[in-house]
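In what follows, chains are A, B, ... by sequence order, proteins preceding strands, each numbered from 1. These values consider heavy atoms only, across backbone and side chains, with no hydrogens, waters or symmetry-generated copies.
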Number of protein chains: 2
Amino acid sequence: MPADVNNTSRRITAQNWLQSASLRPTRQRMVLADLLVGDGQDRHVSAESLYCAVQDTGETVSLATVYNTLRAFCDAGLMKEITVDGNKTYFDTNTHDHPHYFWEDEGRLSDAPSEQLEILRIPEPPKGARISKVDVIIRLRSDE
Amino acid sequence: MPADVNNTSRRITAQNWLQSASLRPTRQRMVLADLLVGDGQDRHVSAESLYCAVQDTGETVSLATVYNTLRAFCDAGLMKEITVDGNKTYFDTNTHDHPHYFWEDEGRLSDAPSEQLEILRIPEPPKGARISKVDVIIRLRSDE
DNA sequence: TTAAGTGCAAATTATTTGCAGTAAG
DNA sequence: CTTACTGCAAATAATTTGCACTTAA
(Lines give C-alpha, C1' and ligand atoms only; values in the text may rest on other atoms or scores of the structure.)
Protein backbone atom coordinates (compact mmCIF):
# COMPACT_ATOMS: atom_id res chain seq x y z
CA MET A 1 0.00 0.00 0.00
CA PRO A 2 1.36 3.43 -0.87
CA ALA A 3 2.40 5.63 1.98
CA ASP A 4 -0.09 8.37 1.36
CA VAL A 5 -3.32 6.87 0.20
CA ASN A 6 -5.29 10.02 0.69
CA ASN A 7 -2.70 12.26 -0.83
CA THR A 8 -2.57 14.22 2.39
CA SER A 9 0.63 15.99 1.53
CA ARG A 10 -0.86 17.69 -1.51
CA ARG A 11 -4.23 18.36 0.02
CA ILE A 12 -5.25 21.97 -0.23
CA THR A 13 -6.73 23.54 2.86
CA ALA A 14 -9.84 25.68 2.67
CA GLN A 15 -7.68 28.50 4.00
CA ASN A 16 -5.08 28.21 1.22
CA TRP A 17 -7.68 27.72 -1.41
CA LEU A 18 -9.36 31.01 -0.57
CA GLN A 19 -6.05 32.72 -0.13
CA SER A 20 -4.87 31.63 -3.57
CA ALA A 21 -7.76 33.59 -5.04
CA SER A 22 -7.45 36.55 -2.68
CA LEU A 23 -10.85 35.88 -1.18
CA ARG A 24 -11.43 36.85 2.42
CA PRO A 25 -11.72 33.81 4.68
CA THR A 26 -15.05 34.58 6.26
CA ARG A 27 -16.75 31.95 8.38
CA GLN A 28 -19.25 31.17 5.63
CA ARG A 29 -16.62 30.82 2.95
CA MET A 30 -14.51 28.63 5.19
CA VAL A 31 -17.44 26.32 5.81
CA LEU A 32 -18.17 26.03 2.10
CA ALA A 33 -14.54 25.78 1.07
CA ASP A 34 -13.97 23.05 3.59
CA LEU A 35 -16.86 21.03 2.22
CA LEU A 36 -15.56 21.58 -1.31
CA VAL A 37 -11.83 20.94 -1.01
CA GLY A 38 -11.43 19.73 2.56
CA ASP A 39 -10.72 16.14 1.67
CA GLY A 40 -8.82 16.64 -1.55
CA GLN A 41 -11.50 15.05 -3.75
CA ASP A 42 -13.15 16.74 -6.70
CA ARG A 43 -16.67 17.83 -5.88
CA HIS A 44 -19.69 18.39 -8.07
CA VAL A 45 -22.38 20.41 -6.37
CA SER A 46 -25.46 22.47 -6.98
CA ALA A 47 -26.31 25.38 -4.71
CA GLU A 48 -29.04 23.29 -3.14
CA SER A 49 -26.88 20.20 -2.56
CA LEU A 50 -24.12 22.26 -1.02
CA TYR A 51 -26.63 24.06 1.17
CA CYS A 52 -27.87 20.70 2.45
CA ALA A 53 -24.31 19.57 3.09
CA VAL A 54 -23.77 22.67 5.19
CA GLN A 55 -26.81 21.93 7.28
CA ASP A 56 -25.56 18.41 7.91
CA THR A 57 -22.48 19.88 9.58
CA GLY A 58 -24.59 21.94 11.94
CA GLU A 59 -23.18 25.16 10.54
CA THR A 60 -25.33 27.95 9.14
CA VAL A 61 -24.90 29.67 5.80
CA SER A 62 -27.86 31.24 4.05
CA LEU A 63 -28.94 29.82 0.71
CA ALA A 64 -28.41 33.20 -0.97
CA THR A 65 -24.85 33.23 0.29
CA VAL A 66 -24.28 29.73 -1.04
CA TYR A 67 -25.42 30.96 -4.45
CA ASN A 68 -23.35 34.12 -4.29
CA THR A 69 -20.30 32.32 -3.00
CA LEU A 70 -20.38 29.65 -5.69
CA ARG A 71 -20.53 32.48 -8.22
CA ALA A 72 -17.63 34.19 -6.48
CA PHE A 73 -15.57 30.98 -6.52
CA CYS A 74 -16.21 30.65 -10.25
CA ASP A 75 -15.36 34.27 -10.93
CA ALA A 76 -12.15 33.76 -9.01
CA GLY A 77 -11.34 30.71 -11.12
CA LEU A 78 -11.54 28.27 -8.21
CA MET A 79 -14.45 26.35 -9.73
CA LYS A 80 -16.15 25.80 -13.06
CA GLU A 81 -19.81 25.90 -13.89
CA ILE A 82 -21.06 22.85 -15.75
CA THR A 83 -24.28 22.93 -17.73
CA VAL A 84 -25.99 19.58 -17.91
CA ASP A 85 -29.54 20.19 -16.91
CA GLY A 86 -31.65 23.22 -17.68
CA ASN A 87 -33.19 23.28 -14.20
CA LYS A 88 -30.12 23.37 -12.06
CA THR A 89 -26.63 24.81 -12.18
CA TYR A 90 -23.75 22.55 -11.23
CA PHE A 91 -20.29 23.55 -10.10
CA ASP A 92 -17.10 21.53 -10.24
CA THR A 93 -13.99 21.98 -8.11
CA ASN A 94 -11.91 20.51 -10.92
CA THR A 95 -11.32 23.42 -13.26
CA HIS A 96 -9.61 21.43 -15.99
CA ASP A 97 -11.44 20.30 -19.12
CA HIS A 98 -12.60 16.76 -18.55
CA PRO A 99 -15.56 14.54 -19.41
CA HIS A 100 -18.52 14.05 -17.11
CA TYR A 101 -21.09 11.44 -16.38
CA PHE A 102 -24.55 12.83 -15.75
CA TRP A 103 -26.82 10.37 -13.96
CA GLU A 104 -30.15 11.40 -15.42
CA ASP A 105 -32.24 9.43 -12.94
CA GLU A 106 -30.68 11.04 -9.89
CA GLY A 107 -29.70 14.37 -11.42
CA ARG A 108 -26.15 13.75 -10.23
CA LEU A 109 -22.90 14.74 -11.89
CA SER A 110 -19.56 12.95 -11.56
CA ASP A 111 -16.23 12.72 -13.32
CA ALA A 112 -15.86 10.25 -16.14
CA PRO A 113 -12.45 8.57 -16.40
CA SER A 114 -10.72 10.96 -18.76
CA GLU A 115 -8.05 8.44 -19.69
CA GLN A 116 -10.78 6.41 -21.35
CA LEU A 117 -11.72 9.29 -23.62
CA GLU A 118 -9.75 9.48 -26.83
CA ILE A 119 -10.62 12.30 -29.16
CA LEU A 120 -8.52 12.34 -32.31
CA ARG A 121 -9.89 15.46 -33.83
CA ILE A 122 -12.49 18.06 -33.04
CA PRO A 123 -14.20 20.38 -35.51
CA GLU A 124 -12.13 23.49 -36.00
CA PRO A 125 -13.64 26.77 -34.95
CA PRO A 126 -15.26 28.80 -37.73
CA LYS A 127 -13.16 31.81 -38.76
CA GLY A 128 -13.53 34.71 -36.39
CA ALA A 129 -14.17 32.39 -33.47
CA ARG A 130 -12.04 30.47 -31.04
CA ILE A 131 -12.89 27.52 -28.84
CA SER A 132 -13.37 28.50 -25.23
CA LYS A 133 -14.30 25.06 -23.93
CA VAL A 134 -15.33 21.64 -25.13
CA ASP A 135 -17.90 19.86 -23.02
CA VAL A 136 -18.26 16.11 -23.21
CA ILE A 137 -21.22 14.87 -21.22
CA ILE A 138 -22.02 11.20 -21.07
CA ARG A 139 -25.63 10.85 -19.99
CA LEU A 140 -26.39 7.68 -18.05
CA ARG A 141 -29.54 5.79 -17.23
CA SER A 142 -29.78 3.00 -14.70
CA ASP A 143 -30.32 -0.38 -16.28
CA GLU A 144 -34.04 -1.05 -15.90
CA MET B 1 -24.35 22.25 -60.49
CA PRO B 2 -26.39 19.38 -59.10
CA ALA B 3 -29.98 19.12 -60.20
CA ASP B 4 -31.48 19.55 -56.79
CA VAL B 5 -29.45 22.02 -54.80
CA ASN B 6 -32.05 22.42 -52.12
CA ASN B 7 -32.78 18.75 -51.83
CA THR B 8 -36.41 19.44 -52.70
CA SER B 9 -37.24 15.86 -53.43
CA ARG B 10 -36.44 14.71 -49.93
CA ARG B 11 -37.85 17.76 -48.21
CA ILE B 12 -40.35 16.89 -45.54
CA THR B 13 -43.50 18.94 -45.44
CA ALA B 14 -44.87 20.26 -42.19
CA GLN B 15 -47.95 18.16 -42.89
CA ASN B 16 -46.00 14.91 -43.27
CA TRP B 17 -43.80 15.68 -40.35
CA LEU B 18 -46.76 16.00 -38.00
CA GLN B 19 -48.48 13.04 -39.58
CA SER B 20 -45.43 10.83 -39.04
CA ALA B 21 -45.82 11.42 -35.31
CA SER B 22 -49.61 11.19 -35.29
CA LEU B 23 -49.97 14.78 -34.19
CA ARG B 24 -53.05 16.69 -35.28
CA PRO B 25 -52.22 19.32 -37.89
CA THR B 26 -53.74 22.31 -36.15
CA ARG B 27 -53.11 25.77 -37.52
CA GLN B 28 -50.61 26.54 -34.76
CA ARG B 29 -48.66 23.33 -35.21
CA MET B 30 -48.58 23.82 -38.95
CA VAL B 31 -47.14 27.31 -38.52
CA LEU B 32 -44.46 26.05 -36.17
CA ALA B 33 -43.72 22.90 -38.14
CA ASP B 34 -43.36 24.93 -41.29
CA LEU B 35 -40.82 27.21 -39.66
CA LEU B 36 -38.97 24.19 -38.33
CA VAL B 37 -38.82 21.82 -41.28
CA GLY B 38 -40.27 23.88 -44.12
CA ASP B 39 -37.00 24.38 -45.94
CA GLY B 40 -35.32 21.09 -45.19
CA GLN B 41 -32.61 22.62 -43.02
CA ASP B 42 -31.87 21.62 -39.45
CA ARG B 43 -33.09 24.23 -37.01
CA HIS B 44 -31.95 25.12 -33.52
CA VAL B 45 -34.49 27.15 -31.63
CA SER B 46 -35.52 28.28 -28.20
CA ALA B 47 -39.16 28.87 -27.38
CA GLU B 48 -38.53 32.59 -27.48
CA SER B 49 -36.68 32.59 -30.81
CA LEU B 50 -39.35 30.45 -32.44
CA TYR B 51 -42.04 32.71 -31.03
CA CYS B 52 -40.33 35.71 -32.63
CA ALA B 53 -40.01 33.85 -35.92
CA VAL B 54 -43.75 33.23 -35.84
CA GLN B 55 -44.46 36.90 -35.34
CA ASP B 56 -42.28 37.77 -38.32
CA THR B 57 -44.57 35.71 -40.53
CA GLY B 58 -47.60 37.65 -39.35
CA GLU B 59 -49.15 34.52 -37.89
CA THR B 60 -50.25 34.25 -34.28
CA VAL B 61 -49.36 31.48 -31.85
CA SER B 62 -49.27 32.12 -28.12
CA LEU B 63 -45.97 31.78 -26.30
CA ALA B 64 -47.43 29.11 -24.03
CA THR B 65 -48.41 27.09 -27.06
CA VAL B 66 -44.93 27.44 -28.49
CA TYR B 67 -43.55 26.01 -25.26
CA ASN B 68 -46.11 23.23 -25.11
CA THR B 69 -45.72 22.38 -28.75
CA LEU B 70 -41.94 22.14 -28.61
CA ARG B 71 -42.39 19.76 -25.67
CA ALA B 72 -44.94 17.80 -27.68
CA PHE B 73 -42.58 17.57 -30.66
CA CYS B 74 -39.84 16.25 -28.37
CA ASP B 75 -42.15 13.76 -26.72
CA ALA B 76 -43.15 12.55 -30.15
CA GLY B 77 -39.52 12.13 -31.12
CA LEU B 78 -39.58 14.82 -33.81
CA MET B 79 -37.03 17.01 -32.04
CA LYS B 80 -34.35 16.79 -29.36
CA GLU B 81 -33.75 19.06 -26.42
CA ILE B 82 -30.18 20.31 -26.15
CA THR B 83 -28.82 21.65 -22.89
CA VAL B 84 -26.10 24.23 -23.37
CA ASP B 85 -27.11 27.16 -21.25
CA GLY B 86 -28.80 27.02 -17.90
CA ASN B 87 -31.06 29.97 -18.70
CA LYS B 88 -32.66 28.75 -21.86
CA THR B 89 -33.81 25.48 -23.39
CA TYR B 90 -32.84 24.76 -26.96
CA PHE B 91 -34.47 22.35 -29.39
CA ASP B 92 -32.96 20.75 -32.47
CA THR B 93 -34.84 19.34 -35.45
CA ASN B 94 -31.95 16.94 -36.06
CA THR B 95 -32.63 14.08 -33.67
CA HIS B 96 -29.38 12.23 -34.35
CA ASP B 97 -26.40 12.45 -32.01
CA HIS B 98 -24.07 15.11 -33.36
CA PRO B 99 -21.73 17.79 -32.06
CA HIS B 100 -22.77 21.42 -31.60
CA TYR B 101 -21.20 24.80 -31.63
CA PHE B 102 -22.53 27.12 -28.96
CA TRP B 103 -21.79 30.76 -29.68
CA GLU B 104 -21.47 32.08 -26.15
CA ASP B 105 -21.55 35.73 -27.12
CA GLU B 106 -24.83 35.47 -28.99
CA GLY B 107 -26.36 32.54 -27.12
CA ARG B 108 -26.81 30.77 -30.44
CA LEU B 109 -26.58 27.07 -31.19
CA SER B 110 -25.59 25.49 -34.49
CA ASP B 111 -24.36 22.20 -35.86
CA ALA B 112 -20.65 21.49 -35.84
CA PRO B 113 -19.34 19.51 -38.82
CA SER B 114 -19.64 15.99 -37.45
CA GLU B 115 -17.22 14.58 -40.02
CA GLN B 116 -14.52 16.64 -38.32
CA LEU B 117 -15.14 14.96 -35.00
CA GLU B 118 -13.22 11.75 -34.45
CA ILE B 119 -13.75 10.02 -31.16
CA LEU B 120 -11.77 6.82 -30.82
CA ARG B 121 -13.05 5.75 -27.48
CA ILE B 122 -15.42 7.01 -24.84
CA PRO B 123 -15.47 6.04 -21.17
CA GLU B 124 -17.55 2.94 -20.67
CA PRO B 125 -20.64 3.24 -18.55
CA PRO B 126 -20.25 2.17 -14.90
CA LYS B 127 -21.88 -1.20 -14.19
CA GLY B 128 -25.60 -0.93 -13.73
CA ALA B 129 -25.80 2.03 -16.09
CA ARG B 130 -26.06 2.50 -19.80
CA ILE B 131 -25.27 5.49 -21.97
CA SER B 132 -28.38 7.29 -23.11
CA LYS B 133 -26.63 10.08 -24.99
CA VAL B 134 -23.26 11.69 -25.42
CA ASP B 135 -23.24 15.44 -25.80
CA VAL B 136 -20.29 17.19 -27.38
CA ILE B 137 -20.57 20.94 -27.15
CA ILE B 138 -17.88 23.17 -28.57
CA ARG B 139 -18.21 26.56 -26.95
CA LEU B 140 -17.09 29.45 -29.12
CA ARG B 141 -16.08 33.02 -28.44
CA SER B 142 -15.58 35.71 -31.03
CA ASP B 143 -11.93 36.58 -31.59
CA GLU B 144 -10.50 39.58 -29.69
C1' DT C 1 -12.31 52.76 9.72
C1' DT C 2 -13.86 51.14 5.47
C1' DA C 3 -14.63 48.25 1.74
C1' DA C 4 -16.22 43.71 1.25
C1' DG C 5 -19.38 40.01 2.73
C1' DT C 6 -23.88 38.34 4.56
C1' DG C 7 -28.87 37.53 5.07
C1' DC C 8 -33.29 38.37 4.37
C1' DA C 9 -37.17 39.39 1.51
C1' DA C 10 -38.52 40.91 -2.79
C1' DA C 11 -37.60 40.77 -7.75
C1' DT C 12 -36.52 38.38 -11.93
C1' DT C 13 -36.70 34.94 -15.63
C1' DA C 14 -37.84 30.83 -18.01
C1' DT C 15 -41.14 27.52 -18.08
C1' DT C 16 -45.41 24.97 -16.70
C1' DT C 17 -50.18 24.47 -15.48
C1' DG C 18 -55.36 25.03 -14.56
C1' DC C 19 -59.13 25.81 -16.83
C1' DA C 20 -62.66 27.60 -19.99
C1' DG C 21 -63.25 27.91 -24.75
C1' DT C 22 -62.18 25.97 -29.74
C1' DA C 23 -61.37 22.80 -33.21
C1' DA C 24 -60.03 18.17 -35.32
C1' DG C 25 -61.51 13.40 -36.33
C1' DC D 1 -69.93 14.51 -30.53
C1' DT D 2 -65.77 13.81 -27.96
C1' DT D 3 -61.22 14.28 -27.06
C1' DA D 4 -57.27 16.86 -27.97
C1' DC D 5 -55.47 21.62 -28.51
C1' DT D 6 -55.07 26.53 -27.44
C1' DG D 7 -54.60 30.76 -24.84
C1' DC D 8 -54.66 33.33 -21.06
C1' DA D 9 -53.42 34.30 -16.44
C1' DA D 10 -51.68 32.44 -12.42
C1' DA D 11 -48.35 29.24 -10.42
C1' DT D 12 -43.71 27.43 -9.98
C1' DA D 13 -38.76 27.09 -9.41
C1' DA D 14 -34.08 28.43 -9.62
C1' DT D 15 -31.37 32.19 -9.12
C1' DT D 16 -30.30 37.17 -8.41
C1' DT D 17 -30.63 41.59 -6.21
C1' DG D 18 -31.45 45.75 -3.01
C1' DC D 19 -30.35 47.12 1.15
C1' DA D 20 -29.34 47.41 6.10
C1' DC D 21 -26.22 45.02 9.06
C1' DT D 22 -21.72 42.72 10.12
C1' DT D 23 -16.94 41.68 9.76
C1' DA D 24 -12.12 41.20 7.98
C1' DA D 25 -8.11 43.91 7.11
Contact pattern, 5' to 3', of nucleotides 4-16 of chain C - B, S or - by protein heavy atom under 4.0 Å: SSSBB-----SBB
So, do B/F102 and B/D85 sit near enough that their side-chain heavy atoms are less than 4.5 Å apart? yes
Scan side-chain atoms only and decide if B/S132 and A/E104 contain a donor-acceptor pair under the 3.5 Å cut-off. yes
Between P of D/dA13 and CG of A/D85, the distance in whole Å: 14 Å
Between atom CG in B/L32 and atom C1' in D/dC5, what is the gap in whole Å? 12 Å
Just wondering, more than 12 heavy atoms not from A/E124 lying within 6.0 Å of its CD? no
Between the side chain of A/T65 and the main-chain N/O of A/V61, is any donor-acceptor distance below 3.5 Å? no
Where A/D111 and A/H44 come nearest, the two heavy atoms and their spacing: OD1-NE2, 2.9 Å
